[in-house]
> 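Sharing a structure, written as structure tokens. Questions coming.
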Amino acid sequence: MRIVTWNINSLRLRLPLLERLVLELSPDIVCLQETKVPDELFPHAAGPALGYPHVVHRGMKSYNGVAIFSRLPIAPVDTAPDWCLRNDRRHLAVTVQARSGPIELHDFYVPAGGDIPDASVNPKFAHKLAFVEEVTRHFAAAPPHPRILVGDLNIAPLEHDVWSHRQLLGIVSHTPGEVERLLAWQQSGFVDAMRHFVPAGQKLYTWWSYRNRDWRLSDRGRRLDHVWVTPDLVPALQGITVHKEARDWPAPSDHVPVMLELDA
DNA sequence: ATGGTCGACAATCGA
């Protein structure tokens with residue numbers, strides 16, 4: 001089974017790039033973030049046209065929004081609360097019937113958190129920390145189940161998840177407070193599937209800012225997108241692909257797709 | 001230290 005996560009940064013604008021992703025990676029399931037489309041304007045023809053008859057989406061006007069496209073039947077899971085009581089469309093969960101049995105799949109878009117890494121003066125940063133703390137409590141209390149969690153978590157936890165650990169320690173996405181919280185969330189019951197395949201000492205990025213003339217040359221990337229699995233799924237892990245080519249597609253997203261291959 | 005570029009949507013806001 002192939003599962004892709006991608007912050008597409010506007011689904012409607014980049015529908016042609018979604019088609020290209022499908023042609024190049026042939027995923028069974030695609031989890032999107034930042035769809036930026038309200039549910040009533042969701043492009044309903046896109047899923048079936050691309051070979052994904054099963055589509056769920058939670059969107060809103062202008063911001064946020066998540067969607068899951070699937071070749072396999074999926075059933076929505078409605079056990080999560082309204083995170084931080086904001087109704088801001090950052091999470092979708094479904095159950096996938098794999099050969100090995102049902103797997104719960106979670107698609108997250110964690111708040112970016114604004115520019116100033118101080119919760120007392122920056123409400124967006126406070127929201128980010130509170131969001132991660134709340135989801136951590138939720139998963140820590142959840143009954144054991146085979147789970148896959150993917151998405152744009154907007155935190156790069158490890159030294160080599162950023163282009164310069166020293167220069168980014170005070171930059172939102174890599175501050176110690178964010179890293180500590182992200183790792184606590186991960187330790188609520190998940191294994192980092194990307195680092196299962198790529199050693200922690202090796203640079204690994206999924207996002208490169210638009211604000212660089214030549215993203216590949218400067219290579220000032222961060223690993224903001226993640227794929228986690230519960231320990232029972234570790235023996236089924238087959239591989240991880242960071243589709244860097246997508247950063248050079250016409251009018252690209254600033255995030256690239258990450259694909260998990262699973263024997264399940 | 002600063003500014004650099006995107007997308008949505010119509011003046012900025014969020015990233």
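A note on names: the letters A, B, ... follow the listed sequences, proteins ahead of strands, and every chain is numbered from 1. This is a predicted model, so every value here is computed, not measured.
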> Let's see if you get this right: which residues in residues 108-124 of chain A place a heavy atom under 4.0 Å from DNA chain B?
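Here the set is A:Tyr109, A:Ala112, A:Lys124.
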> State the CE-OG1 distance between A:Met194 and A:Thr241, to the nearest 0.5 angstrom.
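A:Met194 CE to A:Thr241 OG1: 10.0 Å, rounded to 0.5 Å.
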> Is it true that the side chains of A:Asn64 and A:Glu34 contain a donor and an acceptor less than 3.5 Å apart?
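No, because no side-chain N or O of A:Asn64 sits under 3.5 Å from a partner of the opposite role on A:Glu34.
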> A:Arg14 side chain N/O closer than 4.0 Å to the phosphate oxygens (OP1, OP2) of B:dG7?
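Yes, such a contact exists.
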> Between A:Trp215 and A:Asp248, is any side-chain donor less than 3.5 angstrom from a side-chain acceptor?
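Yes.
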> What's the gap between B:dG3 and B:dG7 when it is taken at their P atoms, as a whole Å value?
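The same atom, P, in both gives a distance of 22 Å.
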> Would you call A:Asp161-A:Lys203 a salt bridge at under 4.0 Å N-O?
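Salt bridge flag = no for A:Lys203 with A:Asp161.
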> Starting from P on B:dA8, measure out to CG on A:Asn7 and report it in whole angstrom.
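So the CG-P distance, A:Asn7 to B:dA8, works out to 12 Å.
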> How many Å lie between NZ on A:Lys36 and P on B:dC13, as a whole number?
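Atom-to-atom, A:Lys36 to B:dC13, this comes out as 15 Å.
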> For A:Asn64 and for A:Tyr210, locate the closest nucleotide of DNA chain B by heavy-atom distance; then report the residue assigned to the nucleotide nearer the 5' terminus.
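Nearest-nucleotide comparison on DNA chain B picks A:Tyr210.
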> For B:dG14 versus B:dA10, give the span between their C1' atoms, rounded off to a whole number of Å.
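These two C1' atoms come out 15 Å apart once rounded.
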> Quickly work out the A:His255 NE2 to B:dT5 C1' distance and round it to whole Å.
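A:His255 atom NE2 is separated from B:dT5 atom C1' by 14 Å.
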> Does the B:dA15 base have a donor-acceptor partner in the side chain of A:Arg211 within less than 3.5 Å?
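It does, because a donor-acceptor pair links the side chain of A:Arg211 to the base of B:dA15 below 3.5 Å.
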> Between B:dC9 and B:dG4, how far apart are the P atoms? Round to whole Å, please.
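Rounded to whole Å, the distance is 25 Å.
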> When rounded to the nearest 0.5 angstrom, what distance separates OG1 in A:Thr95 from NE2 in A:His145?
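Atom-to-atom, A:Thr95:OG1 and A:His145:NE2 are 6.0 Å apart.
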> Please state how far atom CG in A:Asp88 lies from atom P in B:dG14, giving the value in whole angstrom units.
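Value for this atom pair: 12 Å.
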> Look at A:Ser62 and B:dC9 and indicate whether a side-chain polar atom (N or O) is within less than 4.0 Å of OP1 or OP2.
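Yes, because at least one side-chain N or O of A:Ser62 sits under 4.0 Å from OP1 or OP2 of B:dC9.
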> When rounded to the nearest Å, what value does the distance between P atoms of B:dA15 and B:dA1 take?
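It works out to 25 Å between them.
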> Once you round it to whole Å, what is the distance between P of B:dT5 and CD of A:Glu34?
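In whole Å, B:dT5 P lies 19 Å from A:Glu34 CD.
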> Round to a whole Å and report the spacing from NZ of A:Lys61 to C1' of B:dG7.
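In whole Å, B:dG7 C1' and A:Lys61 NZ are 14 Å from each other.
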> Starting from P on B:dT2, measure out to CZ on A:Arg213 and report it in whole angstrom.
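Going from A:Arg213 (CZ) to B:dT2 (P), I get 20 Å.
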> Quick one: pull up CZ in A:Phe197 and CD1 in A:Ile240 and give me the separation to the nearest 0.5 Å.
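Separation between the atoms: 6.5 Å.
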> Rounded to whole Å, please give me the gap between CZ in A:Arg220 and P in B:dG4.
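That distance rounds to 15 Å.
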> OG1/A:Thr206 to CG/A:Asn7 distance, rounded to the nearest 0.5 angstrom?
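Rounded to the nearest 0.5 Å, the OG1-CG separation comes to 9.0 Å.
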